[in-house]
Amino acid sequence: MELKENSGWSINEMAQKAAQDIHDGAYVNLGIGIPELVADYIPEGREVIYHTENGLLGMGKVTEKGSEDYELVNAGKKYVTAIPGASYFHHADSFAMIRGGHIDICVLGAYQVSEEGDIANWSTGDPNDVPAVGGAMDLVAGVKTIYVITQHCTKSGEPKIVRQCTYPLTGKKVVNKIYTNYAVIDVTEDGLVVKELAPGITFEFLQQNTGAPLLLKQ
Amino acid sequence: MELKENSGWSINEMAQKAAQDIHDGAYVNLGIGIPELVADYIPEGREVIYHTENGLLGMGKVTEKGSEDYELVNAGKKYVTAIPGASYFHHADSFAMIRGGHIDICVLGAYQVSEEGDIANWSTGDPNDVPAVGGAMDLVAGVKTIYVITQHCTKSGEPKIVRQCTYPLTGKKVVNKIYTNYAVIDVTEDGLVVKELAPGITFEFLQQNTGAPLLLKQ
Amino acid sequence: MINKVVSTVSEAVADIFDGATIHIGGFGEAGSPVELIHALIDLGSRNLTIVSNNAGSGNVGLAALIENRQVKKIICSFPRTAISVVFPELYRRGEIELELVPQGTLAERIRAGGAGIPAFYTPASVNTPLAEGKETRVFNGKTYVLEHALKADFALVKCHAADKYGNLVYNKTARNFGPVMCTAAETTIVQARKIVEVGQIDPECVITPGIFVKRVVEVSKPADESILVAEKRRYPWN
Amino acid sequence: MINKVVSTVSEAVADIFDGATIHIGGFGEAGSPVELIHALIDLGSRNLTIVSNNAGSGNVGLAALIENRQVKKIICSFPRTAISVVFPELYRRGEIELELVPQGTLAERIRAGGAGIPAFYTPASVNTPLAEGKETRVFNGKTYVLEHALKADFALVKCHAADKYGNLVYNKTARNFGPVMCTAAETTIVQARKIVEVGQIDPECVITPGIFVKRVVEVSKPADESILVAEKRRYPWN
């Protein structure tokens with residue numbers, strides 16, 4: 001069986017899968033990129049409040065073209081809005097929310113995730129790259145539940161889910177759940193447990209494209 | 001020469017002496033009791049902003065009888081007012097101002113002050129007393145300049161300025177200047193330097209009533 | 001849907017269990033959540049550890065909670081006032097524990113608890129009896145003492161206005177310990193003088209963002225502790 | 001009498017000396033004190049250590065300060081953006097030092113500097129390259145890294161409104177690092193979109209109390225950095 005990189009779920013479907021695991025009343029921080037799509041798929045009837053680490057609780061949608069406020073941005077420096085009931089605060093207070101365990105869920109992208117839930121998402125280790133970390137290390141260390149959304153493999157077909165991360169770590173034993181284009185995988189004490197397979201993806205194919213042993217949900 | 005406990009300057013005069021050493025634009029925290037009187041004697045033309053550690057910068061006068069606001073008190077739990085340009089903040093922020101060295105001057109009472117500027121003003125050490133410390137230790141550790149206003153001797157005639165405090169310390173090497181009913185005394189690297197004597201008080205008398213050696217200002 | 005408003009103070013405190021550690025806001029009477037404390041007296045939970053700046057006045061509020069023998073230990077900076085009788089008596093008889101903490105250290109320990117900082121260094125109390133037995137360390141030639149975060153199972157806080165998201169604003173110096181205590185408890189319970197619609201609190205002026213608050217109850221005419229004390233009132237009401 | 005208002009940005013920054021450490025507010029363009037930075041370029045102080053979340057965009061503001069070779073070292077969390085060219089080039093050539101700090105640790109180190117806390121423990125960066133060589137310690141079974149306060153000689157901050165006492169309010173997410181940076185510098189210099197009369201800022205809503213501010217200058221129409229970048233502007237003005 002041959003599958004192209006984008007086989008299985010689309011990034012929107014991946015975001016939708018993650019959105020289903022966000023409970024009513026959750027305080028959520030969404031990383032830059034695919035994680036931002038999660039907000040579009042929260043099931044009807046659930047109210048979720050978004051935190052952006054640059055000092056806003058109650059972030060609304062991205063601003064419509066032409067009505068940007070240069071002083072109202074999200075962590076990705078996109079122009080956004082604030083919902084009624086929002087609050088602004090300074091950076092130390094914002095990271096007190098993060099570090100203090102007050103944010104329920106953070107959804108992040110990743111270069112690699114290990115079978116123990118280690119995550120690498122801030123540096124490729126390439127000495128020619130300018131290193132930049134932002135709030136990633138604070139988020140994985142402080143938020144109660146960490147979800148990762150990522151393509152299952154790199155563009156060159158290498159597994160991103162591995163026994164040990166080879167890229168520099170963002171945090172150790174912090175990831176709880178992984179949403180890829182092929183599957184939804186829980187990181188458990190017993191190892192990586194496949195909760196759901198994308199249409200057309202077999203367990204065997206998934207295992208072949210994963211750098212760590214997988215278990216099937218009982 | 002025999003002098004009664006209240007010989008020399010009155011407490012109002014002591015407060016006035018201290019007030020003269022508060023510069024224009026100073027941020028000042030006044031302890032409970034005699035130190036509170038200092039605010040009444042700031043020389044004309046100087047603007048001083050009062051901090052009270054329970055969360056107010058820009059404290060005004062004590063409230064007039066009948067217009068008390070139970071939610072606007074000072075550190076001594078007196079009902080006070082706020083000046084235009086005041087600000088309220090929480091306790092951690094308030095003590096960040098203190099600990100961070102942002103308050104210019106704190107005026108405190110004391111049981112004892114040592115020749116090195118140690119101060120004891122929170123506990124008599126009597127096991128029957130309920131110990132209570134409040135913000136005293138934070139203030140002496142954090143405020144740039146510490147003034148002490150106190151009667152020169154205890155009611156029983158014992159010196160309050162001593163070589164070593166016998167009461168439990170509030171802080172070590174923190175007092176900069178002492179205003180008593182007998183004299184104004186600087187705490188310096190060389191020892192206690194008498195800057196000014198109250199009318200009728202001789203240096204010899206002062207030394208007899210002080211538990212540490214005194215130097216006369218050059 | 002998010003709605004943190006509950007109807008009664010008794011409902012608000014109903015899950016406070018025996019042995020709980022509780023942050024109680026207030027600096028003297030200013031900001032003291034008297035009605036929540038009275039509800040806790042009605043509930044009767046025992047063996048409590050209370051973190052609060054003071055130890056109550058007269059025979060109402062925190063003093064009444066202590067008098068009702070529900071408090072095993074108090075962590076505070078100033079348990080003694082001109083009108084406090086309950087705590088001093090029990091303390092002298094050795095029937096209540098006291099951990100005395102400098103006021104700024106108390107505030108910072110609570111803030112650290114809420115901010116995920118397990119410990120920090122402070123200059124306050126160095127070379128005094130309150131630093132005895134504590135680890136010290138020199139930074140840039142100055143000695144500091146290591147202090148640990150102070151979290152609680154519950155926080156009882158009084159504020160001025162709240163919305164159903166739990167956003168809070170306070171009134172003047174009644175703010176004091178409220179904002180840091182809200183951040184440092186598993187379950188933060190707030191009495192508000194009024195509940196307002198979402199959006200009515202200016203987002204620039206929110207002092208406690210709703211994320212820190214679990215329950216809000218409206219107590220529109222809270223008692224003034226000093227009036228109760230002056231009238232020699234006693235809770236349960238005499 | 002207290003009046004912290006000065007007339008011009010050049011007067012505001014006039015005492016910034018060679019070798020100074022400077023906190024510069026802003027999260028990207030939001031809150032970046034562009035006019036104060038440009039005044040610092042005019043002044044020409046060199047060998048500066050800059051503490052700021054980012055390293056500037058395009059060829060204006062902080063990027064222009066770096067391009068003008070006034071900056072020896074930058075302490076920040078995210079020096080790379082889609083439109084940053086100046087810092088990456090100098091960095092790759094080894095002509096500017098970088099101390100990379102997790103964003104929350106950066107904010108907390110600055111806050112500690114202002115609050116008289118010399119050091120604290122945080123879980124962020126444990127087991128990562130950014131904790132290498134740093135002291136770690138276990139509290140309640142979890143490992144934390146010791147981080148030190150980060151103070152500066154100067155802070156350059158942008159706010160929305162200020163009064164002559166130096167009380168400040170900010171605008172939306174332009175608040176970001178401003179309030180903590182104001183507390184952690186010997187000399188805090190603020191550009192405000194407007195100077196208002198004392199008493200016009202609600203004391204319940206003051207974000208930076210005046211005690212933390214040394215000088216305020218009105219810049220009523222601050223440049224939008226992203227517009228300057230889009231227009232390929234360059235400072236000194238091309």
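Residue numbers start from 1 in every chain, and the chains themselves are labelled A, B, ... in the order their sequence lines are given, proteins ahead of strands.
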Mind listing the donor-acceptor pairs under 3.5 Å that bridge chain D and chain B?
| residue | atom | partner | partner atom | Å |
| --- | --- | --- | --- | --- |
| Met1(D) | N | Asp24(B) | OD1 | 2.9 |
| Met1(D) | N | Asp24(B) | OD2 | 2.3 |
| Ile2(D) | N | Glu47(B) | OE1 | 2.7 |
| Lys4(D) | NZ | Tyr27(B) | OH | 2.6 |
| Gly114(D) | O | His102(B) | NE2 | 2.7 |
| Ala115(D) | O | Arg99(B) | NH1 | 2.9 |
| Tyr165(D) | OH | Glu47(B) | OE2 | 2.4 |
| Asn167(D) | ND2 | Gly85(B) | O | 2.9 |
| Thr183(D) | O | His102(B) | NE2 | 3.2 |
| Pro203(D) | O | Tyr88(B) | N | 3.0 |

Within a strict 4.5 Å, meaning less than it, do heavy atoms of the Pro222(D) and Arg193(D) side chains meet?
-> yes

Best-contacting candidate, Leu57(B), Leu56(B), Val48(B), Ile98(B), against chain D by heavy atom pairs under 4.5 angstrom | Leu57(B)

Answer key: most heavy-atom pairs under 4.5 Å with chain D among Pro84(B), Gly58(B), Ala82(B) is Pro84(B)

Backbone N/O of [Y] and side chain of [X]: donor-acceptor pair under 3.5 Å:
X	Y	answer
Glu147(D)	Thr122(D)	no
Gln191(D)	Val219(D)	no
Gln70(D)	Ser45(D)	yes

Heavy-atom proximity to chain D below 4.5 Å, by part of Ile83(B) = side chain

Under 4.5 Å to a heavy atom of chain D? For Ala141(B) that would be neither

Cationic N near anionic O, under 4.0 Å, Lys73(D) to Glu99(D) = yes

Measure the spacing between CD1 of Ile189(D) and CG of Leu156(D) and express it to the nearest 0.5 Å.
-> 5.5 Å

Ring-ring centroid check Tyr144(D) Phe120(D), cutoff 6.0 Å | no

Leu216(B) and Val193(B) have their tightest heavy-atom pair at C-CG1, 4.3 Å

